[in-house]
S.K.: 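One structure is given below, represented as structure tokens, and several questions about it will come after.
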Amino acid sequence: MEYFTVCCQRRGSVSLDGIYQGENKDGDTPRVFRCCAGLHDISLQCRVGQTCKEMTQRVTICGTNAIVPLVVRFFCDLQE
């Protein structure tokens with residue numbers, strides 16, 4: 001198993017290869033997600049009413065563990 005986390009200034013829904021995984025944060029703490037090793041499409045969709053747009057990043061996830069997950073960073077448009 002491999003591990004990753006999705007960092008963003010906002011809260012949003014994480015999808016791995018088009019399958020919903022849950023919210024990117026648990027309170028203020030980034031959640032850690034599990035997946036199989038390999039190439040994956042990771043998406044973040046911010047909550048309705050916020051200015052973030054859905055974004056997808058294609059990343060290779062390997063050599064991780066639950067303590068040191070791959071950090072996938074998303075940068076959102078914060079203009080209100």
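Computed over heavy atoms, backbone and side chain alike; hydrogens, waters and symmetry mates excluded. Because the structure is predicted, anything quoted here is derived from the model rather than measured.
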S.K.: Using only atom types and a distance under 3.5 Å, with no angle test, would you say the side chain of Thr64 pairs donor to acceptor with the backbone of Glu2?
M.R.: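 It does not hold such a pair.
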S.K.: Between atom OG of Ser15 and atom CD1 of Ile42, what is the distance when rounded to the nearest 0.5 Å?
M.R.: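 Interatomic distance, Ser15 OG to Ile42 CD1, rounded to 0.5 Å: 10.0 Å.
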S.K.: Nearest 0.5 angstrom please: Leu16 CG to His40 NE2, how far?
M.R.: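 Rounded to the nearest 0.5 Å, the CG-NE2 separation comes to 5.5 Å.
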S.K.: Taking everything shown except Ile67 itself, do over 12 heavy atoms lie less than 6.0 Å from its CD1?
M.R.: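 For Ile67, atom CD1 is not crowded (no more than 12 foreign heavy atoms under 6.0 Å).
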S.K.: Hey, does the side chain of Asn24 reach the backbone of Arg10 with a donor-acceptor pair shorter than 3.5 angstrom?
M.R.: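 Yes, Asn24 side chain to Arg10 backbone: donor-acceptor pair under 3.5 Å.
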S.K.: Are Met55 and Phe4 linked, directly or through intermediate hydrophobic residues, by side-chain heavy-atom contacts shorter than 4.5 Å (ILVMFWY only)?
M.R.: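 Yes; tracing contacts between hydrophobic side chains, which count when under 4.5 Å, links both residues.
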S.K.: Would you check if the side chain of Arg11 reaches a backbone N or O of Asp28 as a donor-acceptor pair within less than 3.5 Å?
M.R.: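 Side chain of Arg11 to backbone of Asp28: no pair is present.
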S.K.: Which value, rounded to the nearest 0.5 Å, describes the distance between Met1 atom CE and Asn65 atom CG?
M.R.: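 Atom-to-atom, Met1:CE and Asn65:CG are 14.0 Å apart.
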S.K.: If Ile, Leu, Val, Met, Phe, Trp and Tyr residues are connected whenever their side-chain heavy atoms lie under 4.5 Å apart, and connections chain through other members, are Leu44 and Val59 in the same group?
M.R.: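 Yes: a chain of side-chain contacts under 4.5 Å links Leu44 to Val59.
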S.K.: Counting only pairs under 3.5 Å, give me each side-chain donor-acceptor contact of residues 69-76, with atom names and distances, residues two or more places apart or in other chains.
M.R.:
none

S.K.: Quick one: CG on Leu39 to CG on Asp17, what's the gap to the nearest 0.5 Å?
M.R.: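 So the gap between those two atoms works out to 8.0 Å.
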S.K.: Working to the nearest 0.5 angstrom, can you tell me the gap between Ser43 OG and Gln57 CD?
M.R.: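 Answer for the OG-CD pair, Ser43 versus Gln57, is 9.0 Å.
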S.K.: Could you go through Phe33 and Ile61, starting from their C-alpha distance and side-chain angles, then the distance that decides it, and tell me whether this counts as side-chain contact (heavy atoms from CB on, under 4.5 Å)?
M.R.: CA-CA 11 Å; Phe33 300 95; Ile61 303 174; over 6 Å; no
S.K.: Taking Thr5 for its side chain and Arg31 for its backbone only, find out whether a donor-acceptor pair lies under 3.5 Å.
M.R.: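 A pair under 3.5 Å: yes.
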